[in-house]
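Worksheet for the structure shown next.
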Amino acid sequence: MTPGAAAARKRSCAVRLSLVLPALGALCFAAVGLGFIRVAVNRNPSAAPVRFSDLGLTLEYESSNWERWWDRNSHSIRNSTAAGWQSVCDWEHDIARNAIPRYAKVVQQRAVWTQADYTGRSWDSDGFMSFFRVRDAEGNEIGQIPIEPLQSALRHPDFPCRSTNLSVILSKDYLIPGWDFERVSSGRNFFFDLGCSGYQSGMGGASLSWFVDTYAAQGIRFDRILAWEAEAADPNNLFADIPGDVMA
């Protein structure tokens, strides 16, 4: 969630189970029905698709061209120097000119996604969106699920090449949460957040509550939430903001 090493460390949701969305904490992920998993810090976008199986379904991760581009050129920012970042941002200009509007359109479309979109929409030729390919036990493809491409500082795609404003750094507008019909099993739903701020507050606005409410609106309710915050807080104040149905 910051440029360089800090960005990788605080990247919203480095690990994801069942379309685990990137979060605002140092590390967060949702284990939704033992679904999709993506471990950003250990993944090589240029490698062959990684496969995970659960209850007969196989998940293959496909990196987008945009993500692969960043993987190939990230050596220039290995030491997080201003010059290194500037050179990569200059190279990315033409790609981002098409990628950013495309990304925004996908986020908007996902807000009203349907079962038909899941089974009928192909992302193979999209170029900008990474996605999971879902196969059944016989190897037949039954759906594709888009996910945020790992690019730039692993934050909002406008940061830092097009904006370094705090509002952009902390924005959750680029996240692509999963829908209930995209789950690959009927197991319990867990949400983990390392760097969770408060339930109703944080540097980027509502923190845990945003994820709880967003997932609930898309048919996924968490059976358990495990959250950690490095900054000390009064437990009475911390839990006072959490609704009874979430605490139950």
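Numbering of residues begins at 1 and proceeds along the displayed sequence.
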- prompt: Side chains of Pro157 and Trp66: does their closest heavy-atom pair fall under 4.5 Å?
  reply: yes
query: Can any side-chain N or O of Thr119 pair as donor or acceptor with the backbone N or O of Gly143 at less than 3.5 Å?
result: no
Any Phe211 side-chain heavy atom under 4.5 Å of Leu175 side chain: yes
field: Phe192 and Trp228: CA distance, side-chain angles, deciding distance, side-chain contact (heavy atoms from CB on, under 4.5 Å) verdict
entry: CA-CA 8 Å; Phe192 301 80; Trp228 295 263; 4.2 Å; yes
query: Looking at Ile145 and Tyr118, what are the two nearest heavy atoms and their distance?
result: CG1-CE1, 3.5 Å
Any residue meeting side chain to side chain contact (heavy atoms under 4.5 Å, CB included) with Glu138, in chain and number order, not counting sequence neighbours: Asp136, Asn140
query: Between Ser122 and Asp124, does any side-chain donor sit less than 3.5 Å from a side-chain acceptor?
result: yes
message: Test of understanding: clusters of I, L, V, M, F, W, Y form through side-chain heavy atoms closer than 4.5 Å, transitively. Do Val112 and Val106 belong to the same one?
response: no
query: Rounded to the nearest 0.5 Å, how far does CZ of Arg155 lie from CD of Glu148?
result: 12.0 Å
- request: For the pair Thr214 (side chain) and Trp210 (backbone), establish whether a donor and an acceptor sit closer than 3.5 Å, ignoring hydrogens and angles.
  value: yes
query: What is the minimum heavy-atom distance between Val168 and His156, and which atoms define it?
result: O-CB, 3.5 Å
Contact summary for Leu238 and Ile242, nearest pair of heavy atoms: O-CG1, 3.8 Å
task: Nearest 0.5 Å please: distance from the CG atom of Asp126 over to the OH atom of Tyr103.
output: 11.5 Å
message: Tell me whether Glu62 contacts the main-chain N or O of Phe131 through its side chain, where contact means a donor paired with an acceptor under 3.5 Å.
response: no
- line: What one should report as the nearest heavy-atom pair of Ala216 and Arg221 is CB-NH1, 3.8 Å
field: Steps toward side-chain contact (heavy atoms from CB on, under 4.5 Å) verdict (Tyr199, Val212)
entry: CA-CA 10 Å; Tyr199 187 79; Val212 171; 3.7 Å; yes
message: For Arg102, is the CZ atom crowded, meaning more than 12 foreign heavy atoms sit under 6.0 Å from it?
response: yes
field: Nearest-0.5 Å distance, CG of residue Asp180 to CD of residue Gln115
entry: 8.5 Å
- request: Determine the interplanar angle of the Phe181 and Trp179 rings, folded into 0 to 90°, and report it as parallel if under 30°, tilted if 30 to 60°, perpendicular if over 60°.
  value: parallel
field: Spatial distance of atom CZ (Arg110) from atom CD (Gln218) [nearest 0.5 Å]
entry: 7.0 Å
query: How long is the span from the CG atom in Asn65 to the CH2 atom in Trp70, to the nearest 0.5 Å?
result: 15.5 Å
field: Between CD1 on residue Ile147 and CZ on residue Phe132, distance to nearest 0.5 Å
entry: 4.0 Å
- request: Decide yes or no on side-chain contact (heavy atoms from CB on, under 4.5 Å) for Arg188 and Arg224, but give the supporting numbers first.
  value: CA-CA 8 Å; Arg188 292 190 296 166; Arg224 190 173 183 187; 6.0 Å; no
- prompt: Of the non-hydrogen atoms in Ser63 and Tyr61, which two are nearest, and what is the gap between them?
  reply: OG-CE2, 3.4 Å
message: Whether the side chain of Asp223 engages the backbone of Asn189 through a donor-acceptor N/O pair (distance < 3.5 Å, no angle test) should be reported.
response: yes
Flag, side chain of Asn165 to backbone of Ser167, donor-acceptor distance under 3.5 Å: no
field: Glu229 (side chain) donor-acceptor with Ser197 (main chain) under 3.5 angstrom
entry: yes
message: Could you check whether any side-chain heavy atom of Arg162 comes within less than 4.5 Å of a side-chain heavy atom of Ile100, counting everything from C-beta outward?
response: yes
message: What verdict does the side-chain contact (heavy atoms from CB on, under 4.5 Å) test give for Asp158 and Tyr174, after you've listed the backbone C-alpha separation in whole Å, the side-chain angles of each residue and the deciding distance to 0.1 Å?
response: CA-CA 10 Å; Asp158 276 340; Tyr174 74 105; over 6 Å; no
message: Looking at every heavy atom in both Gln144 and Pro146, which two are closest together, and how far apart are they?
response: O-CD, 4.0 Å
- request: Mark yes or no for whether Ser64, through its side chain, and Phe128, through its backbone, hold a donor-acceptor pair below 3.5 Å.
  value: yes
